[in-house]
Amino acid sequence: MRKLRIAALTSAFALIAGMASAEDIKVGVSVGEHAEIMEQVAAVAKEKGLNIDIVEFTDYVVPNQALNDGDLQANSFQHQPYLDNQIKDRGFDLVAIGKTITTPMGVYSEKLKSLDELPEGGKVALPNDPTNGGRALLLLQDKGLIKLAEGTGLVPTPLDVTENAKNLKFLELDAAQLPRALADADIAIINTNYALEAGLNPEKDAIAIEAAESPYANVIVVRTVDKDAAWAKTLVESYNSDAVKKYITEKYSGAVIPAW
């Protein structure tokens, strides 16, 4: 009887210890595929003793500020060039600790079936933040519609356009508003998360799409002080799991691509 009691107590203490070792973190994501995928990550992480509270944002500005302020422990919504620009401009003490997905930027239109139909003086709606706006301009250059000044790297602006044969007019808008701009612009260059949220699929609906070798892989970001934390390692391992990769592949059919 005593042995049974000892065994029961040992099991109870082990359960309590396991509960005590579980950690709770808040992870900020943008709406759409980042939020959907993080739900799957949370299920994997839970089995590893990490509880993820997912906090959704509707823009690209607040998640880094919230993380830097300590309101979040991590975020997953941005690519490396955007993070680099935010750190440079705002002085955030943040660092990427793992790759997540690549979401090819696409060109959409309610008026045109190809870029060849783009008229003289056509209106082009693109993101107004430096990195995604630059990404859109690089896409236009890749498609032969404009030329950009040398040395602008990944963050050119409309002021860096040196050749513009069709005299295109650039409308710089908040990235989340671009799907709505389709009614007024000839084309809109839209990030995949906002395209999917608006019911647009990059593979089926885009009249042009970014090349597969794009440098814009998305990342998991934490405060620099937390980069070696055990929970941070668990978060990355959970995201880069076979279960999450399978979900992404089956759910998005190539519109969203695992980047690890």
Side-chain angles (χ1 to χ4, degrees), residues 18-83 86 92 94-105 132 175-176 191-197 201-203 214-260:
M19 292 172 62
S21 66
E23 290 193 70
D24 299 320
I25 64 170
K26 290 184 178 181
V27 179
V29 297
S30 54
V31 295
E33 78 275 13
H34 285 289
E36 294 167 352
I37 296 169
M38 191 55 65
E39 292 282 355
Q40 306 303 311
V41 176
V44 176
K46 189 175 183 64
E47 296 180 357
K48 299 176 181 289
L50 182 64
N51 300 317
I52 299 176
D53 180 11
I54 301 169
V55 182
E56 294 189 23
F57 293 87
T58 57
D59 64 24
Y60 289 159
V61 178
V62 180
N64 279 330
Q65 186 68 61
L67 176 57
N68 195 71
D69 291 346
D71 297 325
L72 304 170
Q73 280 67 57
N75 67 39
S76 175
F77 76 98
Q78 64 195 315
H79 49 62
Q80 187 68 51
Y82 184 83
L83 173 63
Q86 286 265 292
F92 293 146
L94 306 176
V95 63
I97 59 170
K99 292 184 178 180
T100 60
I101 56 175
T102 299
T103 54
M105 181 175 271
N132 286 303
N191 293 80
T192 292
N193 60 313
Y194 292 124
L196 292 174
E197 186 183 352
N201 184 291
E203 286 204 326
S214 163
Y216 297 95
N218 286 272
V219 289
I220 295 172
V221 180
V222 300
R223 289 178 295 170
T224 303
V225 69
D226 291 327
K227 66 183 181 67
D228 296 319
W231 60 260
K233 180 180 179 181
T234 301
L235 175 58
V236 174
E237 288 177 348
S238 299
Y239 204 114
N240 296 164
S241 65
D242 291 340
V244 173
K245 178 176 285 189
K246 183 174 184 289
Y247 171 82
I248 294 170
T249 302
E250 294 180 352
K251 169 76 174 178
Y252 300 107
S253 302
V256 178
I257 304 166
W260 68 92

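Counting from 1, the numbers follow the sequence of the chain as shown.
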Mind jotting down which residue pairs meet the side chain to side chain donor-acceptor pair (under 3.5 Å) criterion with at least one end in residues 33-45? Sequence neighbours excluded, please. E36-Y252
Of all pairs that satisfy salt bridge (Lys or Arg N to Asp or Glu O under 4.0 Å), the ones with a partner from residues 62-73, not counting sequence neighbours: none
Just so I know, are the side chains of V256 and I37 near enough to count as touching, which here means a heavy-atom distance under 4.5 Å? yes
Does a side-chain heavy-atom distance below 4.5 Å link L196 with P202? yes
Taking only residues at least two apart or on different chains, which pairs with a member in residues 230-243 satisfy salt bridge (Lys or Arg N to Asp or Glu O under 4.0 Å)? none
Using side chain to side chain contact (heavy atoms under 4.5 Å, CB included) as the criterion, list what pairs up with K245, not counting sequence neighbours. T249, P258, W260
Report yes if the side chains of F92 and L67 come closer than 4.5 Å at any heavy-atom pair, otherwise no. no
Can you check whether Y60 reaches Y82 side chain to side chain, under 4.5 Å on heavy atoms? yes
I257 to G254 - nearest heavy-atom pair and separation: CG1-O, 3.8 Å
Using only atom types and a distance under 3.5 Å, with no angle test, would you say the side chain of T192 pairs donor to acceptor with the backbone of P104? yes
Pairwise side-chain contact, Y239 with K99, heavy-atom cut-off 4.5 Å (strictly under): no
Please name all residues satisfying side chain to side chain donor-acceptor pair (under 3.5 Å) with N191, sequence neighbours left out, ordered by chain then number. N132
Mind checking side chain to side chain donor-acceptor pair (under 3.5 Å) for Q80 and listing every partner two or more places apart, or none if nothing turns up? D84
Provide the closest heavy-atom pair for L72 versus P63 in the form atom of the first, atom of the second, distance. CD1-O, 3.7 Å
Applying side chain to side chain donor-acceptor pair (under 3.5 Å), can you list everything that pairs with Y247, at least two apart in sequence or on another chain? none
Test of understanding: with side chain to side chain contact (heavy atoms under 4.5 Å, CB included), list the residues that count as partners of V31, not counting sequence neighbours. E56, T58, E197
How long is the gap from OG on S241 to CD on E47, to the nearest 0.5 Å? 9.5 Å
Please identify each residue that fulfils side chain to side chain contact (heavy atoms under 4.5 Å, CB included) with A230, with sequence neighbours left out. none
Tell me every residue that passes side chain to side chain contact (heavy atoms under 4.5 Å, CB included) with V236, counting only those two or more places apart in sequence or in another chain. I97, I220, N240
To the nearest 0.5 Å, how far apart are NZ in K46 and OG in S238? 12.5 Å
Please report the shortest heavy-atom distance between V27 and S76, naming the atom on each side. CG1-N, 4.4 Å
Minimum heavy-atom distance between A74 and V222, given as atom pair plus value: CB-CG1, 3.8 Å
Nearest heavy-atom approach of G28 to F57 is CA-CE1, 3.7 Å
Could you list the residues that satisfy ring pair (Phe, Tyr, Trp, His ring centres under 6.0 Å) with Y216, not counting sequence neighbours? H79
Who pairs with E250 by side chain to side chain donor-acceptor pair (under 3.5 Å), at least two apart in sequence or on another chain? K246
Is there a donor-acceptor pair under 3.5 Å between the side chain of E23 and the backbone N or O of L50? no
Shortest non-hydrogen contact from A42 toward I54: CB-CD1, 4.5 Å
Any side-chain heavy atom of T103 within less than 4.5 Å of one from N218? yes
Nearest 0.5 Å, what's the CD1-CG distance between I25 and D53? 9.5 Å
